[in-house]
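So the structure is just underneath, and the comments pick up after that.
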Amino acid sequence: MSPAEEEKTLPLPQRWPRASKFALSACAAAVAELVTFPLDLTKTRLQIQGEAAVRQDGAAAGQAAPYRGMLRTAAGIVQEEGLGKLWQGATPAVYRHIVYSGVRMVAYEHLRDSVLCRAEDKTFPLWKAVVGGMSAGAIGQFFASPTDLVKVQMQMEGKRKLEGKPLRFRGVHHAFLKILSEGGIRGLWAGWVPNVQRAALVNMGDLTTYDTVKHFLLLNTPLVDNSVTHSVSRGLLYKSSTDCLIQTVQGEGFMSLYKGFIPTWMRMAPWSLVFWLTYEQIRRICGVSSF
């Protein structure tokens with residue numbers, strides 16, 4: 001049997017390892033996103049309440065406007081718009097994570113195994129894990145920036161409807177086309193710099209912590225490579241930076257920078273847990289080696 005014929009008999013994960021890992025990480029991310037998406041919507045609504053008040057009534061009204069808080073905001077969405085609206089914009093969010101998580105996971109494994117050269121005993125210095133995690137997060141977010149932009153735009157459609165404003169988009173694909181027609185290719189990457197910076201920091205916490213802790217536990221404790229270890233190993237970090245810092249502080253006050261922090265933090269914990277547990281299990285089911 002020739003090498004080409006022999007290759008055709010191999011399972012798909014062995015024939016196309018990176019494509020398979022991309023698909024598996026995208027599936028795991030889609031599950032995690034759907035489970036935790038209502039918290040992401042709540043976070044976004046909290047963050048824009050002050051902006052809407054400033055636009056309608058001026059800076060003074062914006063500063064005085066009370067924020068309903070995470071639970072009251074979520075309850076308000078259900079009461080005013082319906083339960084299904086907690087998943088408003090979920091489709092572009094899933095699209096975003098198919099790109100973002102798929103790219104970042106493949107990029108990290110490639111950097112770890114081929115560029116930064118993890119040792120044969122699977123030890124990997126912390127500084128290399130930090131470099132790999134930040135680089136992979138930045139690369140993934142850059143490619144996913146257009147879908148991230150559409151996700152946020154779609155999340156705000158319900159709010160515009162309640163304010164009596166006309167809806168801007170008929171769906172995800174219409175949103176893509178409209179943004180593209182109004183701002184060109186560059187318009188799809190609006191705000192990509194702070195998003196990439198944030199993603200680099202998030203993945204410094206997520207990928208770096210998970211990979212480092214998991215393999216430390218496997219090498220130095222009786223724990224084996226199973227769901228218990230995967231749960232213990234997950235990590236998270238939240239940080240953000242944006243060019244609208246000065247305008248936000250002037251219009252709404254310094255503490256407005258932390259609007260939505262609680263739902264963001266509360267969402268990242270279950271998101272990471274669901275993602276890593278799902279990802280490791282579907283890798284095992286599909287015959288791909290553990291992360």
Side-chain angles (χ1 to χ4, degrees), residues 19 22-23 25-27 29-30 33-34 37-58 62 77 80-82 84-104 106-107 136-200 202 240-248 251-252 259-260 264:
F22 179 95
S25 61
C27 290
E33 189 65 22
L34 289 172
F37 186 80
L39 283 170
D40 189 40
L41 179 65
T42 303
K43 175 205 70 175
T44 302
R45 290 290 181 89
L46 279 170
Q47 289 173 330
I48 59 88
Q49 280 178 13
E51 297 174 17
V54 169
R55 285 196 300 268
Q56 291 177 358
D57 304 315
I77 293 171
E80 297 163 7
E81 304 174 50
K85 291 300 181 180
L86 287 175
W87 280 268
Q88 177 84 39
T91 299
V94 171
Y95 287 170
R96 183 252 181 182
H97 267 288
I98 288 174
V99 179
Y100 171 66
S101 292
V103 172
R104 74 179 179 118
V106 173
I139 294 169
Q141 180 58 46
F142 178 78
F143 281 100
S145 284
T147 54
D148 212 12
L149 177 64
V150 171
K151 179 195 78 169
V152 175
Q153 295 292 329
M154 291 294 294
Q155 284 177 329
M156 301 320 304
E157 289 299 273
K159 189 70 174 179
R160 288 178 61 87
K161 186 176 181 179
L162 286 177
E163 294 173 349
K165 298 178 181 178
L167 298 181
R168 298 167 298 174
F169 312 119
R170 296 190 298 270
V172 176
H173 298 98
H174 180 239
F176 268 111
L177 293 175
K178 188 171 183 179
I179 294 172
L180 184 62
S181 64
E182 293 177 352
I185 294 294
R186 294 182 62 181
L188 291 172
W189 270 267
W192 72 270
V193 173
N195 284 338
V196 166
Q197 292 172 342
R198 177 185 178 274
V202 167
S240 69
S241 63
T242 175
D243 188 50
C244 70
L245 171 67
I246 296 177
Q247 295 183 29
T248 303
E252 305 175 53
K259 292 201 308 278
T264 297

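- Smallest separation of non-hydrogen atoms from Phe37 and Leu86: CD2-O, 3.3 Å.
- One distance of note links NE2 of His97 with SG of Cys27; it measures 14.0 Å at 0.5 Å rounding.
- Here the shortest heavy-atom pairing between Ala199 and Gln141 reads CB-CB, 3.4 Å.
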What pairs of donor and acceptor atoms, side-chain ones from residues 185-192 against any protein atom, are under 3.5 angstrom apart with sequence neighbours left out?
{"residue": "Trp189", "atom": "NE1", "partner": "Phe142", "partner atom": "O", "Å": "2.8"}

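- Partners of Arg168 according to the side-chain hydrogen bond (donor to acceptor under 3.5 Å, both in side chains) rule, which considers only residues two or more places apart in sequence or in another chain, are Gln153, Glu157.
- Ala175 and Phe169 get closest at one heavy-atom pair: CA-CD2, 3.5 Å.
- The CD atom of Glu80 sits 13.0 Å away from the NZ atom of Lys85 when rounded to the nearest 0.5 Å.
- Across all non-hydrogen atoms, the minimal contact from Gly137 to Tyr100 is O-CE1, 3.9 Å.
- Residues Val103 and Phe22 meet the side-chain proximity criterion, which asks for heavy atoms closer than 4.5 Å.
- Residues Gly102 and Ser25 approach most closely at CA-OG, 3.2 Å, considering heavy atoms.
- Identified under the salt bridge (charged side-chain N to carboxylate O under 4.0 Å, His left out) test for residues 136-149, with sequence neighbours left out: Arg96-Asp148, Asp148-Lys151.
- Note: Tyr95 OH to His173 NE2 = 4.5 Å, rounded to the nearest 0.5 Å.
- Looking at every heavy atom in both residues, Ala30 comes nearest to Val94 through CB-CG1, 3.9 Å.
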